[in-house]
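Structure, as structure tokens:
Basis for what follows: all heavy atoms, side chains included, without hydrogens, waters or symmetry-related copies. Sequential numbering from 1 along the given sequence is applied to the chain's residues.
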Amino acid sequence: MTNGKPSRMSPEVRFTLIGITLGLFLAALDQTIVSTAMPKIIADLKGTEYYAWVTTSYLLASTVSAPIFGRLTELFSRKSILLIAVGIFLLGSALSGLSQNMAELILFRGVQGIGGGALFALALTTLAVLFPPRERGRLGGLFGAVFGLSSAVGPWLGGLLTDHLSWHWVFYINMPVGAVALWFILRYMPRLSPEHREGFDYPGALLLVAWTVPLMLAFSWGGSTYPWKSPEILGLLALSLLGLLLWVWTELKVEHPLFDLSVFRIPTFSLAAGASFFYGPAFLGAVAFLPLYLQVVKGVSASASGVTVLPLTLGVILGSVGGGTLASRLGRYKTILIGGSLFLLGLFVLLHFILEASTPLGLVVFLFFLLGLGLGPSQSLLNIVAQNDIPMQRIGSATSGVQFARQIGSTMGLALLGTVLATSINQALCRVFPESASCRPGAVVQRTTEGTGLDLDKSFKDLEARITAALKGDEAAYEELKKDQNLPEEVKKNLVKGGLPAQFAKTKALLLAALEGDPEAWEAVQKDPNLPEAFKARLPKGGLPETFRETEKTLEAALKGDPKAWEAVQKDPNIPQAYKARIPKGGIPGAFARMKALVYRALEGDEAAYRALVLDPRVPQALKDRLSPGGVPQGVERGLAATYALLEKALQGDEKAKARLLNDPRLDPRLKTLLTSPPPPQALPQALAQVKAGLEAQKPRLVAQALAEAKKQVGLNLEKAEQKALSEALSALKAGLKEVQKKALEEARSRLLSALDQAEEKALKTVPQEVVKRLEETKARLQEALIQGIVAAEKGIFLYSAFFVFLSLLLVLGMPDKELRGGFGPQRLAE
């Protein structure tokens, strides 16, 4: 140091530091750049159910790889190990960009995580090797700034690359930057080989994986994929505990352990590692859930929320660089850590009490900036404090151990804070939607594994589009909705595969079947709550066939003379007027009874009856031929006159007349005697006068006798005609009704299908509108509930974060107030 100022870095150190910083930036950037690309990745590669694994695989691999690579730097050339770490990271990046399915992406993200975790550990380890603790503060602040910058730039850059190139470039972007970092490290970084070689602890590494992976999975899945008390989570925790005990036992027994547990006897290391363990979740409490508050409560867009969080990032950068620089100048760290922790503790408590939905956005952003200032010093100094008293041969494992403690603490804290968020939101939602399944007694509230962003407008717009599509018959939309875990079961129950068209097709089939007489279809129609009652009432049981069967019975009874049936026919609006006109009152029997009476009158000589019968087209011609004007009386009179005339001719010697009379079986025997024994000519006039007087005397009797015979014969004929007419009428009725029924069924089907088509067209317009309206109402209620829940959750998270800071502060207070070793300037570089 010259005049109290840091000595200049050599070009070799400066360029090495550039390469390390670039590698660290890539590793830090990859933790945030992928999140905004995930929707496009899922849409391209499918596999929504594996969404969380893309992040989990990276987290698991990076957490486990850090201690292992930290130990490797103590056994081999740090330059070689750093080059390998960068190479693994770039290989994982390239393979992730080339992934063709979710399984490949998850696997290659794990490869990338191995390199990323190694870069974190190696960057800080190399910094410790190149610079003494006092100088590390200033450069540690630089590394802290890199973390803050990557947190701010990552989501924005990921969205930019995804929108304008493709999601593959989220991974490919690492290649050129990584190549530059490789060149700087390869060209300028010294080998930094260890002073002596030791064996690598393979059992320790395997056991580290054996207890770390189950622990990380338990806290990643707990409350999201599985309930906390589920056998899966309890089993993972038990496996992790067993693995931890075996790992500790192995590390204590092995000669050259993966992690030398004796470093925990060094107060600065153990207390700094413990403080980092609690600092991790406090940092996440400040950062991870703020976008949710900004987007949902304050209505800031997803992209704008990233800009709104920039003051917090700026505060972290300033606090980190400022704290590190101040520690380098003072040579002390405890006062800075205590001051930063107290400041941060006060801010978290203040935010717990004053943060509301109505808090001005400007004040919130300003408090975020102050939070960043409070978070910054611990971000850079805790790792330096942990390294201060560590022997150089253990600097790699110790540095990675602090990172490991922070990562474990962050994972556990994030699970706790995520549960606080889920519980608060669920309580708020239950006040608005008490019928929800998560509100039932004993229901397990699960935290979400999605990101912290939440765009209700976009989510509901997408939901409205999918429900509208499903209602219109889109089966893909229907399947998506059925698989949507966030959609209430009540809504899913109302969804039908094929949507409204399928429902109307089913209704059409039921109605047509019921119309055609299917009793089961009729019952189903009557029980359908969606069909109007007036519509059901118009559909008779048994359908049109039953209706026509009843009509046929009524018409048949009316034809047979049932007066009530005839009245029913006349009053039935469904029976055509032509049918009514063809059925006389009293039916066929009544018509024939009236005809019989008319015939009798005509036979008795009623001229009006005779003319009516002759002019009636319905009267058989044979019957008309038997009628004559004047009826039977005139017929008898004409017959007697003809008989007398023939008799007169016969008595005067006309043999033909005589033969005709003798051949007449109805001729009076006395007249036959007269013909066979005619009187003498002089007595003929007297005999004819006597005959004429006798015929006149017999006339009434003959008329009565002929009339009786005629009526009897006509009656018999009319009975036969009536039976025939009734039979023909019934046959014609059935044939006609069959045709009418067929036509009526076709017309009814046509009207029904037309009405249902109109109803379907109307329903396809109105039902989606009603659904969208209800969804908008639900969204408004949900928005209000979410605002209340998120504000309550943020207040709770800030309180928990204050508690974590308090625990971290207690450990900081227990640290010895030692001076940071070494002066300014880089240490001598060992080749």
Side-chain angles (χ1 to χ4, degrees), residues 24-25 28-29 31-32 137-156 275-276 278-295 298 300 304-329 333 335-355 359-384 406 410 413 417 452 794 797-802 804-806 808-809 812:
L24 184 65
F25 176 75
L29 185 69
Q31 291 184 328
T32 57
R138 183 167 59 90
L139 298 173
L142 174 64
F143 281 9
V146 168
F147 275 100
L149 182 63
S150 65
S151 299
V153 171
W156 171 80
S276 295
F278 292 112
Y279 173 80
F283 182 87
L284 284 176
V287 175
F289 302 100
L290 290 182
L292 189 64
Y293 172 82
L294 291 171
Q295 292 175 36
K298 306 307 292 183
V300 178
S305 68
V307 177
T308 312
V309 177
L310 279 177
L312 184 141
T313 304
L314 178 62
V316 171
I317 293 173
L318 292 177
S320 180
V321 173
T325 302
L326 187 61
S328 294
R329 291 192 176 278
Y333 53 82
T335 303
I336 299 171
L337 287 174
I338 291 174
S341 298
L342 288 173
F343 180 72
L344 190 59
L345 178 62
L347 274 175
F348 276 131
V349 173
L350 178 65
L351 280 167
H352 169 73
F353 285 107
I354 72 168
L355 189 73
T359 304
L361 182 60
L363 176 60
V364 172
V365 172
F366 176 69
L367 291 173
F368 288 174
F369 171 73
L370 295 181
L371 268 182
L373 285 179
L375 291 166
S378 297
Q379 177 83 358
S380 58
L381 288 181
L382 285 175
N383 198 70
I384 296 169
R406 176 178 292 190
S410 297
L417 298 179
T452 56
E794 287 288 353
I797 287 169
F798 285 138
L799 193 61
Y800 274 102
S801 297
F804 292 140
V805 172
F806 176 72
S808 180
L809 176 61
V812 169

Check your understanding: If you count the non-hydrogen atoms of other residues, nucleotides and ligands that lie under 6.0 Å from OH in Y800, is the total more than 12?
Key -> no
Review point. Does the side chain to side chain contact (heavy atoms under 4.5 Å, CB included) test come out yes or no for L347 and F343, once each step is laid out?
Key: CA-CA 6 Å; L347 274 175; F343 180 72; 3.4 Å; yes
Study note, to complete from the structure: What one should report as the nearest heavy-atom pair of Y279 and R406 is CD2-NH2, 3.7 Å
Check your understanding: Roughly how far, to the nearest 0.5 Å, is CG of L799 from CZ of F353?
Key -> 7.5 Å
Check your understanding: How far apart are the closest heavy atoms of P311 and F369, and which atoms are they?
Key -> O-CD1, 3.3 Å
Point to revise | Minimal non-hydrogen separation, S410 against G280, with atom names | key: OG-CA, 3.3 Å
Practice item. Starting from the C-alpha separation in whole Å, work towards a yes-or-no answer on side chain to side chain contact (heavy atoms under 4.5 Å, CB included) for L350 and L367. Key: CA-CA 9 Å; L350 178 65; L367 291 173; 4.2 Å; yes
Revision key, fill the gap. Smallest heavy-atom separation, P281 atom then G413 atom, equals CB-CA, 3.6 Å
Exercise for review: Write down the atom of S341, the atom of V805, and the distance for their closest heavy-atom approach.
Suggested key: O-CG1, 3.4 Å
Practice item. Might you confirm whether atom CZ of F806 has over 12 heavy atoms from other residues, nucleotides or ligands at distances under 6.0 Å? Key: no
Exercise for review: Looking only at non-hydrogen atoms, find the nearest pair between L345 and A802 and report the distance.
Suggested key: CD1-O, 3.1 Å
Point to revise | Reported CZ-to-CG distance for the pair F368 and L375, which is rounded to 0.5 angstrom | key: 12.0 Å
Review point. Could you give the distance from CG (L344) to OG (S808), rounded to the nearest 0.5 Å?
Key: 9.0 Å
